[in-house]
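Notes follow once the structure below has been shown.
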Amino acid sequence: MKELAKAYNPKEVEEKIYQAWEVSGFFSPKIDEKKKPFVIAIPPPNVTGELHMGHALNNSIQDVLIRRKRMQGVPTLWIPGTDHAGIATQFKVEQKLQKEGLNKFDLGKEKFIEKVWEWKDEFEATILGQLKKIGCSCDWSRTRFTMDEGYSKAVLEAFQNYWDKGYIYQGERIINWCPSCKTSLSDLETEYQEDEGHLWYIKYPLAGDKNSFITVATTRPETMLGDTAVAVNPKDDRYTNLVGKMLVLPLIDREIPLIADDAVEKDFGAGALKVTPGSDMVDWDIGQRHKLEVIKIIDEDGKITKDGGKYAGLDRFEARKKVLEDLESQGLLEKIEDLPHNISVCYRCATHVEPLISKQWFVKMSELAKSTIEVLEKGDVTFTPSNWTKVSIDWLKDIKDWCISRQIWWGHRLPVWTKDTETKVSVESPGDGWVQSEDVLDTWFSSALWPFATLGWPEKTKDLEYFYPNSVNITDRGIINLWEMRMIFSGLEFMKEIPFKEIYINPTVFNKEGKRMSKSLGTGIDPLEMVDKYGADALRFGLLYQTTGTPDLKFAEDTLQMAKTFMNKIWNASRFVSMKLGDYEQIGELKFTENTEADKEIKKQFEAVAKSYNENLERYRFGQAAEEIYHFFWHQFCDVYIEKTKEQIPYPLPENPDEKLIKETKDNLLYILKNSLVLLHPMIPFITEEIYQTLPIEGKKEFLMVEEWVS
RNA sequence: GGGCGGUUAGCUCAGUUGGUUAGAGCGUCUCGUUUACACCGAGAAGGUCACGGGUUCGAAUCCCCUACCGCCCACCA
């Protein structure tokens with residue numbers, strides 16, 4: 001047996017091995033019509049930056065499944081790629097420009113987009129390189145990007161299809177607006193932030209009776225400039241006689257009606273709600289029910305519009321101050337209460353989201369949600385852990401239409417064309433004089449097509465036919481609604497078939513304190529640094545070891561040290577076997593002979609661990625699987641059996657050595673070692689491959705990567 | 001406000017359907033320089049399984065309550 005270096009050096013081994021694998025072509029599946037393939041489409045990392053620990057875990061898990069299936073002889077495809085990540089990436093590039101003292105308007109749209117493409121090229125290369133560093137066995141020949149040529153075609157085609165079916169419509173309604181990013185946001189792109197907040201009680205006089213008032217309570221007094229009604233609960237006795245009367249809107253002197261609506265809680269605040277259909281989601285709904293006039297009182301810059309009288313042009317927060325001052329001086333401010341509450345902020349830049357009226361494009365969700373609920377309820381698509389099925393169904397049951405247009409520059413432009421007053425949807429330009437919409441699509445519109453657009457859809461490709469649907473999708477719980485649900489209805493809509501049968505939600509990686517790992521907060525740990533320190537295998541094994549049933553994974557670096565020590569143990573056990581074998585070479589089939597109790601015991605233990613290990617991997621119990629194989633290898637194989645073989649293969653050799661026992665013990669050592677490497681390979685591909693290459697087995701496979709699996 | 005998850009050794013966590021002395025890694029302590037490995041071996045200490053109650057012959061495990069931590073969803077202005 002070829003001799004191994006004295007200590008395992010991951011840096012020397014990893015790059016060399018990875019290159020050999022890549023050149024071998026085994027990352028690409030051999031299509032075999034008789035076999036059902038195993039397919040995973042990578043959750044495409046955003047080209048916003050580098051990979052974090054969550055990616056390292058997510059991709060280690062995928063690689064474990066992929067490598068195991070490949071070794072089982074299944075045609076196995078792991079499609080890699082990246083996501084253009086609309087707002088997120090644009091925001092990054094804007095930040096970069098800002099540091100250079102520039103902004104996107106200085107550059108102009110065309111130049112700015114060029115800059116974004118440069119950024120994309122840089123980070124895409126980094127990300128794909130990082131995936132290789134941790135050992136991911138993706139089919140790089142099928143690498144995709146959500147804005148590559150074919151993919152862009154798929155996106156436009158999807159838009160057209162939805163449009164033809166009547167699912168896409170344009171409408172003027174209230175949407176989330178980020179006054180800083182200057183774009184609309186979907187509900188899922190806003191986050192909540194704790195805000196101290198106050199509740200201001202404001203007196204609205206009755207028309208024709210300056211001495212009678214109705215008091216309303218609001219957290220956003222500046223929006224009163226756009227009020228078109230005051231609402232009370234229909235069951236609220238205090239106001240029964242007043243409903244239908246007119247009130248005078250202070251500061252503006254406009255008459256507005258007092259209406260009754262169930263959405264008003266009579267026990268909250270003053271029991272009367274000022275209704276601003278142009279600046280609040282609830283108020284919009286009330287306005288729709290009562291056919292109220294809609295006044296847009298705050299514009300896209302977060303400033304008061306011309307309808308705001310003397311406040312016109314003021315920033316929304318300045319306007320608030322001014323409005324309060326004026327109310328105070330007019331004696332209309334009854335009282336102020338503290339009210340800690342949540343406010344919506346932009347998920348990118350944390351600016352207060354301004355709900356406002358805007359003409360945007362929407363996807364009608366009712367039918368799509370219905371079909372998705374159906375496949376979830378039937379169990380055609382299953383979750384691990386299973387509780388996410390119910391959570392998802394609940395969300396779908398209450399879903400609102402999806403605002404898909406964004407007023408940013410980076411993304412897929414809507415295939416919407418206008419000429420004078422005419423509007424047309426068309427993948428290609430309809431001809432001279434037609435102008436394409438400047439809006440781009442929500443980045444998730446394209447990600448939703450990932451399981452089939454990566455395979456060539458809308459073209460009827462061989463890949464699409466053979467590899468769709470995918471087998472499993474593995475992701476973080478944070479994007480179940482943003483991504484998983486949308487892939488399901490997109491799959492059902494365009495492929496008439498679910499995109500995958502299983503969804504595995506991997507744990508979310510937190511730091512030791514249980515806080516989100518965030519680069520900007522300085523709480524992140526760079527996985528590449530860990531690779532540098534412990535080796536890629538140790539990073540993978542350490543992460544997998546910590547992937548138990550819990551939804552959170554509090555990253556413990558200790559575990560990586562443990563994993564690194566384990567790698568060293570594997571290495572040294574292999575060195576020992578190598579030493580014992582000398583120049584022995586295994587010919588023919590690997591044999592195991594039970595001569596002694598120790599032989600019997602280790603064989604039994606190996607079979608038990610192999611069985612359990614397979615079961616655990618099938619059920620996504622990675623931590624359990626890692627722990628068991630660790631225990632077997634270290635404490636059963638090394639501590640006990642290897643020690644025993646020091647007797648069975650005595651050194652120095654006695655006068656009359658038991659040649660048969662010696663030979664068969666060598667076979668046994670080789671048998672357990674090789675089969676252990678097979679089992680370990682999906683988790684720790686580099687070191688196992690390196691050792692496998694030295695095993696003196698005649699006619700063994702070119703790579704452990706394609707060695708036969710042990711079940 | 002609704003829903004979900006967590007709380008087990010000093011630290012990070014296992015514990016599958018309730019069943020003999022509750023496990024692992026790290027850390028600590030004792031001993032050990034043997035033909036791989038000191039990133040080693042042999043052994044030890046260390047836990048009223050968050051709190052309180054209930055079901056049961058038997059509960060870390062099932063049920064209820066409380067506390068703290070975290071996540072998701074949501075239009076109490």
Side-chain angles (χ1 to χ4, degrees), chain A residues 4 6-8 174 187-188 192 197 199-201 216-221 223-224 230-231 233 263-276 279-286 339 341-342 344 355 385 387-388 390-392 394-395 398-400 476-478 480-481 507-508 510 512-516 534 538 542 545-580 612 615-616 619 621 623-624 626-628 630-631 634-635 638-640 642-643 645-647 649-653:
Chain A
L4 292 166
K6 285 220 164 58
Y8 177 57
I174 193 152
D187 292 339
L188 295 174
Y192 287 96
L199 198 53
W200 286 276
Y201 287 71
V216 301
T218 180
T219 53
R220 299 199 54 199
T223 62
M224 70 176 287
V230 168
N233 190 286
V264 182
E265 291 279 336
K266 60 182 191 176
D267 296 326
F268 184 87
L273 170 70
K274 59 186 259 341
V275 184
T276 326
S279 285
D280 188 279
M281 303 281 179
V282 186
D283 295 11
W284 166 266
D285 288 343
I286 296 174
L339 183 75
H341 67 305
N342 290 332
S344 307
N387 62 305
W388 290 108
K390 191 185 165 297
V391 175
S392 302
D394 286 350
W395 180 73
D398 204 24
I399 198 167
K400 283 191 281 184
D476 183 87
R477 60 176 184 247
I480 292 175
N481 295 338
T508 305
F510 293 89
K512 234 179 154 175
E513 285 74 42
K515 297 271 179 280
R516 214 167 253 295
Y534 301 100
Y545 190 93
Q546 293 178 76
T547 301
T548 54
T550 55
D552 294 349
L553 188 164
K554 279 191 257 170
F555 180 78
E557 199 174 325
D558 283 0
T559 312
L560 298 200
Q561 181 54 52
M562 175 277 281
K564 187 185 175 218
T565 309
F566 183 42
M567 297 312 118
N568 196 57
K569 190 72 182 175
I570 295 169
W571 187 257
N572 276 293
S574 305
R575 285 182 61 218
F576 174 84
V577 171
S578 157
M579 185 190 81
K580 278 296 183 200
S612 170
E615 280 169 11
N616 282 322
R619 295 165 60 191
R621 295 162 59 100
Q624 192 83 354
E627 203 262 321
E628 283 176 11
Y630 172 94
H631 181 260
W634 196 313
H635 300 299
C638 293
D639 289 351
V640 180
I642 278 188
E643 289 308 313
T645 62
K646 290 175 183 175
E647 292 169 23
I649 310 174
Y651 178 88
L653 276 180

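Protein chains get the first letters and strands the later ones, always in sequence-line order, with residue 1 at the start of each.
- Only the C1' atoms considered, U33(B) is 49 Å distant from G70(B), to the nearest whole Å.
- With C73(B), C71(B), U35(B) as the candidates, the nucleotide lying closest to the side chain of Phe576(A) is U35(B).
- Listed nucleotides: C39(B), C13(B), A36(B). Nearest to the side chain of Lys554(A): C13(B).
- A donor-acceptor distance shorter than 3.5 angstrom exists from the side chain of Gln546(A) to the backbone of Ala556(A), with no hydrogens or angles considered.
- Which of C75(B), A77(B), C73(B) sits closest to the side chain of Val282(A) comes down to C75(B).
- Side chain of Arg220(A) to main chain of Asp280(A): no donor-acceptor pair is present (N/O by atom type, distance under 3.5 Å, no hydrogens or angles).
- Each of C13(B), C39(B), A14(B) was ranked by its minimum atom distance to the side chain of Thr550(A); first place goes to A14(B).
- Heavy-atom nearest nucleotides on RNA chain B were determined for Gln561(A) and for Tyr630(A), and the one closer to the 5' end corresponds to Tyr630(A).
- Atom P of A77(B) sits at a distance of 40 Å from the matching atom of G15(B), rounded to the whole Å.
- If you check every strand for non-hydrogen atoms under 4.0 Å, Thr559(A) touches nothing.
- Looking at Val391(A) and Trp395(A), their side chains never come closer than 4.5 Å, going by heavy atoms from C-beta outward.
- The residue Asp285(A) sits apart from the nucleic acid: no heavy atom pair falls under 4.0 Å.
- G18(B) and C13(B) are spaced 26 Å apart, taking the P atom of each and rounding to whole Å.
- Looking only at distances, no side-chain donor or acceptor of Lys569(A) sits under 3.5 Å from a matching main-chain atom of Trp634(A).
- Here the separation of C51(B) from U7(B), taken at their C1' atoms, is 11 Å to the nearest Å.
- C68(B) and G6(B) make up a base pair, with Watson-Crick or G-U wobble contacts both under 3.5 Å.
- Residue order along RNA chain B, read from the 5' end via each residue's closest nucleotide, puts Gln546(A) first among Gln546(A) and Met567(A).
- The partner of U12(B) is A24(B), by the rule that a Watson-Crick or G-U pair needs both atom distances under 3.5 Å.
- Separating the C1' atom of G53(B) from that of G43(B) is a span of 42 Å, rounded to the nearest Å.
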